[in-house]
There are 4 protein chains.
Amino acid sequence: MTRAPKPPASKAAPRRRGASPEKTAATRRALSRAALDIFLERGFSATRMSDVATRAGLAKGTIYLHFTDKAALFEDVLREVMRDTLAGRPMQRPRRDETTRAFLQRVVVPVLRELQASGRFGVVRLVMAEGPHFPELAAVYRRVAIEPVLRWVRLIAARASARGELRSDALSRLPMLLVAPAVMAALWNGLYSATEPLDVASVFDTFLELLFVAPPPGRPRAARG
Amino acid sequence: MTRAPKPPASKAAPRRRGASPEKTAATRRALSRAALDIFLERGFSATRMSDVATRAGLAKGTIYLHFTDKAALFEDVLREVMRDTLAGRPMQRPRRDETTRAFLQRVVVPVLRELQASGRFGVVRLVMAEGPHFPELAAVYRRVAIEPVLRWVRLIAARASARGELRSDALSRLPMLLVAPAVMAALWNGLYSATEPLDVASVFDTFLELLFVAPPPGRPRAARG
Amino acid sequence: MTRAPKPPASKAAPRRRGASPEKTAATRRALSRAALDIFLERGFSATRMSDVATRAGLAKGTIYLHFTDKAALFEDVLREVMRDTLAGRPMQRPRRDETTRAFLQRVVVPVLRELQASGRFGVVRLVMAEGPHFPELAAVYRRVAIEPVLRWVRLIAARASARGELRSDALSRLPMLLVAPAVMAALWNGLYSATEPLDVASVFDTFLELLFVAPPPGRPRAARG
Amino acid sequence: MTRAPKPPASKAAPRRRGASPEKTAATRRALSRAALDIFLERGFSATRMSDVATRAGLAKGTIYLHFTDKAALFEDVLREVMRDTLAGRPMQRPRRDETTRAFLQRVVVPVLRELQASGRFGVVRLVMAEGPHFPELAAVYRRVAIEPVLRWVRLIAARASARGELRSDALSRLPMLLVAPAVMAALWNGLYSATEPLDVASVFDTFLELLFVAPPPGRPRAARG
DNA sequence: CATGAATGAGGGTTCATTCAT
DNA sequence: AATGAATGAACCCTCATTCAT
């Protein structure tokens, strides 16, 4: 036994020598951010690893200490951005006295606004564009992003149908119909934001106008007048 | 109609000698078809010029006799497939006694079915995915495919509103709302057709169910006044 | 049918357009030669593809039109040099009245001299050095180069034993013993030719001196009884 | 004997503080062993410094505290393994009454067996393979390993000639002839040990059978009957 | 001394494009 | 027009080496 018995350090951790884990994590995060930006700007294949590194203020080789290859970087980055985007976003329920339309306006519209402001909608485009070449990524996207939303829509749709706010139960059967306008607006912006940007939240709101029956009169809360 | 070979112009005697104009056009068409197939399968950058040539039964160099470079091939091919897809598709109007919903089912559903069966929806995905890198192509797409459709939808929407078939004039203001479900279904199929394909036409039809007010009972026509 | 019926060309071959097969073969040969030289000089991993191309007077990418990758180039080149080295080298038999030692001097020594003069012994070193990383190559080497030689040695050894020219049948059991001195001299030259080159043929000849019993004097054949 | 740590010399107080000289030496030895193993397995350029460190249970950077670079590590390691292999191996002389062949069997065969069992023959292959790129190493090898052996062989050969045990003085002139079969067998095993391993000692022994004349009758010791 | 994250030159390979035939 | 060998810029990835901790 060659190691002299060290007195127990103040911290519980074994106190490794060399760089700290925090620094490592920070580096990874910097790469992740840089990569996301450039992937969003140019797509997968037009993104050069060296540009990612440069934008992160690091050297090319450093990327490979944190991600096995370009595809892994891509998947990792998107997985994480999905997680971050969804994290801490409770799937809220309507209040008892609230119309479903009012509820959606209250809850969904701000989220859409925020997603658009932060550029996060680009992720949708990216997954759409590159998904076919990254089946695992597409599957993850579906599992962590799509399915939860669809489940939630189903609940809301069921309530709306029960309350007579929808004309049919179609939305319960195909919950993605509720999402379609927002998705489409996001994709539109991918192509035409320069000349004719769409406000995703407004598009969604307008869609609600088309969808929902005015609440039946005589109900105390949804009163029109 | 494929591009007619340019007139000889100033160059010395380029006609006569060698292949006939028909053969040239045939070669060009073969390349176009091959290219479209592979672009749809793999996207722009994963498509190799040599594969296009091989699938067309020609040599790599031949492509460059008909298209200046890969980007031009891509744009040309998509421009032509758009034209072909739209060509001879009259923008029909509803019959006087027909509900708008019935009209859309009669006219749009078969088109969607055909587009899906022929794989033409892939073009939508392709434009979505590569459009940002090909602004001209995106512009062409908008001009030849999107805008005409939106204009048409606006007309139909106006009629439907006037007939009280829609609850709001939202569709007149944002005609893309009508298209959103079909587009979304097409994109969904780009990612998940292997495990859970969607029938685009059905999605559209279901959407109509949600959208349209049943025509006022007991009145033969929808006309209110 | 679009092709006009060509009159049968003078040559039997279909007369492809583009570069001739002879030119292609010549290119391949140039690459092969350049590659062999550099592999011999520096070994496998220190050889850069760009250097091979440059030495052949070609561009880097050209190599990949003829060989799938660096390992394939290596194996291909060595396979071919083996074939060329062995091609048209008849496995001769001793004349009836010739001592085995005289036979070997007559037949083997010139071959060794030629192999040394042409630098072909480098191949032995190369196979020795890189063989462990190229099992297939090692196997080919054994099959095309080693085994035939050993079979031949066995024949010669049997004759020599029968004639009483060898003191034992050891050489029949381990024919590689006859080859060992030449191989060793070749390898020596790989390391020390600069300061103390060995003449492979002389080493072999000296070895024969040690090995062979002088034929019994006065007897025309070696047969003792 | 590993290299003793250099005396502090001019640098400021490098001793005291941190590990003891013994520990340093132990670290160096661990690296040396790990490096030898991997160099033998994969050759010089396929050996990664990180693998050496890992196998030694140390970090990559640590290697550079003990060896200036990869080439130095390689040379150092081989120099030491040569020294260790040869250390304490007395160059024995035959007993007065012993035939040279018997002597060689008694003395050399066990050494060969041991070298083979320990895998030390790999060093021969390694020097053969990489020697051309490491001239100094090749020179060291020649000085510490080859020349002493050759000098010793010369002595033995002279005695054998004098005693009439050899047919010629060829072995005195080219002492490497005695070593050739063993070397060749070792190299053979580098390529074909998986499918047809050779027992180096047996090959050597068989070679002796071919080489040595039965001692002339009438001599007291080597007597046959 | 030891660590391991960071560096960045280097090299293998791909593939759009050219051009002699 | 058609061919396909040749080109060479581009780019991903490796790994010996450095250095702050």
Q: Mind checking if A:T47 touches a base, just sugar-phosphate, or nothing, with heavy atoms under 4.0 Å?
A: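 It contacts sugar-phosphate atoms only.
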Q: If we ignore hydrogens and angles and just use 3.5 Å, is the side chain of A:T27 paired with the main-chain N or O of A:K23 as donor and acceptor?
A: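 Between the backbone of A:K23 and the side chain of A:T27 there is a qualifying donor-acceptor contact (under 3.5 Å).
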Q: Provide the closest heavy-atom pair for B:L78 versus B:L137 in the form atom of the first, atom of the second, distance.
A: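 Closest approach of B:L78 to B:L137, heavy atoms only: CD1-CD2, 3.6 Å.
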Q: Can you give me the dot-bracket string for DNA chain F, 5' to 3', counting Watson-Crick and G-U wobble pairs with both distances under 3.5 Å, using [ ] for crossing pairs and | for partners on another strand?
A: .||||||||||||||||||||
Q: Write down the distance between CZ (C:F67) and C1' (E:dG12), rounded to a whole number of angstrom.
A: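 Between C1' of E:dG12 and CZ of C:F67: 16 Å.
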Q: Taking only the side-chain heavy atoms of D:K60 (C-beta and beyond), determine which of F:dA16, E:dA16, F:dT3 contains the nearest atom.
A: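 Selected nucleotide (nearest to the side chain): F:dA16.
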Q: Can you check whether A:L31's main-chain N or O pairs, donor with acceptor, with A:H66's side chain at less than 3.5 Å?
A: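 Answer holds: no.
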Q: Think D:T27 has a side-chain N or O under 4.0 angstrom from the OP1 or OP2 of E:dA2?
A: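 True: D:T27 side-chain N/O within range (under 4.0 Å) of E:dA2 OP1/OP2.
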Q: What is the nucleic acid contact for A:L58, judged by heavy atoms within less than 4.0 Å: base, sugar-phosphate only, or nothing?
A: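 Result for A:L58 = sugar-phosphate.
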Q: I'd like to know if the side chain of B:T47 and the backbone of B:G43 have a donor-acceptor N/O pair within less than 3.5 Å.
A: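 Answer holds: yes.
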Q: Starting at atom CZ of D:R28, determine the distance to atom C1' of E:dA2, rounded to an integer number of angstrom.
A: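 For the pair D:R28 CZ and E:dA2 C1', the rounded distance is 16 Å.
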Q: With nearest nucleotide decided by heavy atoms, which residue, D:I63 or B:D69, maps closer to the 5′ end of DNA chain E?
A: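 Between the two, 5'-proximity favours D:I63.
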Q: Measure from the ring center of B:F44 to the ring center of B:F134 and say whether it is less than 6.0 Å.
A: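 Ring centroids of B:F44 and B:F134 are less than 6.0 Å from each other.
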Q: Tell me whether B:R42 is salt-bridged to B:D37, with the criterion being a basic N under 4.0 Å from an acidic carboxylate O.
A: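 Not counted as a salt bridge, because no side-chain N and carboxylate O are separated by less than 4.0 Å.
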Q: Looking at B:Y64, I'd like to know whether one of its side-chain N or O atoms comes within less than 4.0 Å of OP1 or OP2 on E:dT17.
A: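 It does, given that an N or O in the side chain of B:Y64 lies less than 4.0 Å from OP1 or OP2 of E:dT17.
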Q: Taking the nucleotide of DNA chain F with the nearest heavy atom to each, does B:H66 or A:S50 sit closer to the 5' end?
A: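 The residue whose closest nucleotide sits nearer the 5' end is B:H66.
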Q: Any salt bridge linking C:D51 with C:K60? Criterion: basic side-chain nitrogen under 4.0 Å from a carboxylate oxygen.
A: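 Answer for the salt bridge query: no.
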Q: Kindly say if B:T62 contacts the phosphate of F:dT3, meaning a side-chain N or O under 4.0 Å from OP1 or OP2.
A: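 For F:dT3, OP1 or OP2 has a side-chain N or O of B:T62 closer than 4.0 Å.
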Q: Return the value, rounded to whole Å, for the distance between atom CZ of B:F44 and atom C1' of E:dA16.
A: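 From B:F44 CZ to E:dA16 C1': 10 Å.
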Q: Using a heavy-atom cut-off of under 4.0 Å over every strand shown, decide if C:K70 touches base, sugar-phosphate, or nothing.
A: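 If one applies the 4.0 Å heavy-atom cut-off, C:K70 turns out to touch the sugar-phosphate alone, with no base involved.
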Q: Could you work out which one of E:dC1, F:dT3, F:dC12 sits closest to the side chain of A:R48?
A: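 The answer is F:dC12.
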Q: When the distance from CE of B:M49 to P of F:dA6 is rounded to whole Å, what number comes out?
A: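 Whole-Å distance recorded here is 21 Å.
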Q: Going by an N to O cut-off under 4.0 Å, is there a salt bridge joining A:R55 and A:E41?
A: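 Counted as a salt bridge, because a side-chain N and a carboxylate O are separated by less than 4.0 Å.
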Q: Between E:dT3, F:dA2, E:dT17, which nucleotide has the shortest distance from any of its atoms to the side chain of B:L65?
A: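 So the nucleotide nearest the side chain must be F:dA2.
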Q: Whole angstroms only, please: what is the CG-C1' distance between D:L73 and F:dT17?
A: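 The distance from CG of D:L73 to C1' of F:dT17 comes to 13 Å, rounded to the nearest Å.
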Q: Please give, in whole Å, the distance from F:dC19 C1' to A:K23 NZ?
A: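 Those two atoms, NZ and C1', are 10 Å apart.
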Q: Given atom CG of D:L31 and atom C1' of E:dC1, what is their separation to the nearest angstrom?
A: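 It is 12 Å, rounded to the nearest whole Å.
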